[in-house]
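Basis for what follows: all heavy atoms, side chains included, without hydrogens, waters or symmetry-related copies.
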There are 2 protein chains.
Amino acid sequence: MARVSSQQLAGEFNLSSTQIRKDLAQFGEFGVRGVGYDVGSLVAHLASLLRLDLTHRVVIVGMGNMGTALARYPQFNSESFQVVAGFDSDAAKVGRQAGRVLIHDLRDLEKVVAEQRATMAILAVPAEAATSSLARLEACGITSVLNFAPVSLPSSSTCRVKNVDLRIPLEELAFFGVS
Amino acid sequence: MARVSSQQLAGEFNLSSTQIRKDLAQFGEFGVRGVGYDVGSLVAHLASLLRLDLTHRVVIVGMGNMGTALARYPQFNSESFQVVAGFDSDAAKVGRQAGRVLIHDLRDLEKVVAEQRATMAILAVPAEAATSSLARLEACGITSVLNFAPVSLPSSSTCRVKNVDLRIPLEELAFFGVS
DNA sequence: GGGTGTGAAACCTTTCACAGCT
DNA sequence: AGCTGTGAAAGGTTTCACACCC
């Protein structure tokens, strides 16, 4: 039975051991006094809390370079997430594979989302196509969207949008970078 | 002379007006009492503080789908940032363009970085190539690296690394997403 | 001994309230 | 009157110190 202590975790993440214990204690008494945390049960508890214990089915809209890169991104095809379809309006791409992901015609979005029982989507379309794509995703029951298009899109009551702006980490580097 | 008040900014960013004023006051008295902030001078002050007043010259290592997508990403070719070269070890890609970015042979990394006077780099190589690529970038004077490879790389005293893990926003969506 | 869980103290951030400038 | 800048109060988070359990 593998164990881990708050000190080991603290070392790993550059935090204090007290911080680790306080945070974990928020969700119950996961640890055993004098012993530490059982790795298996800790992982299970946290996965359940973060809803990573079930596999989320994801579609990617826009199979340009970004969409294709994300379809192949190993962390998007793991225990918790599975990319089940890609979509593009370019007929030349339809029918091809990107990694293990089949590219569908964007016109079939509603049909394929329903067939695949997808609940999450990644938007990787040009800025001008982002709003209309989001509307279609909302309408066919997608509840979470990760948006890579360079426009900020709003969440709604039925669909949470998270906007990824890759300029922000680059600006952080410019600010903190070695001078 | 365009002006803006802390209330307007607060509305824009969903913050309180006091928050805006306290934060800006950290860096000096940018505003004018009874009037507000002059947009031009506020932008200039903040750009200078964040070191976004000069153009940072960026190279991209690894011109697969992710590297190519980033080379074309409009926000990486703006006032503050300019992608000046791409690199790949695949001879078939060398000499091609991705957007306005010319792809060089990875063997010429040191030469081209010096010629182009680049100071920042984006790593978009497979996991197994990440560590050695970072070592070469550090050795040729790159001071900031944005790492998209799916491994966490450490900063050093001469080179700050920022690791981008796209699984994190996806996990946030899984957790907060509409149930 | 060793390591968790936790009240209390220290520390930091946000909000309030208002003086002061245009 | 209108809006910034800021000391003081309120609120929240991190660290400390130690009781408690294996």
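- Atoms CG (B/Leu24) and C1' (D/dC3) sit 13 Å apart, rounded to a whole Å.
- A straight line from NE2 of A/His45 to C1' of C/dT4 spans 15 Å, rounded to a whole angstrom.
- We find that CD of B/Gln19 is positioned 15 Å from C1' of D/dT4, with the value rounded to whole Å.
- Look at CD on A/Gln8: it is 11 Å from C1' on C/dG3, rounded to the nearest Å.
- Look at CD1 on B/Ile20: it is 14 Å from C1' on C/dT15, rounded to the nearest Å.
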Name the pairs: protein N/O against N/O of nucleotides 6-8 of chain D, kept only if under 3.5 Å.
from, atom 1, to, atom 2, distance (Å)
D/dG7, O6, B/Lys22, NZ, 3.0
D/dA8, N6, B/Lys22, NZ, 3.4

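- Rounded to a whole Å, the CZ atom of A/Arg3 is 10 Å from the P atom of C/dG3.
- Spacing between atom CG of B/Asp23 and atom P of D/dG5 amounts to 12 Å, rounded to whole angstrom units.
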Exercise for the section: Test A/Asp88 against A/Lys93 for salt bridge (Lys or Arg N to Asp or Glu O under 4.0 Å), laying out the working first. Expected result: CA-CA 7 Å; A/Asp88 206 290; A/Lys93 289 179 185 157; 3.7 Å; yes
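- Using a 4.0 Å heavy-atom cutoff across all strands shown, A/Ser6 reaches sugar-phosphate atoms only and no base atom.
- Residues from residues 34-43 of chain B placing a heavy atom under 4.0 Å of any atom in DNA chain D, listed by number, are B/Gly34, B/Val35, B/Gly36, B/Tyr37.
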Could I get a table of every N or O pair under 3.5 Å where one atom is in the protein and the other is in nucleotides 10-12 of chain C?
none

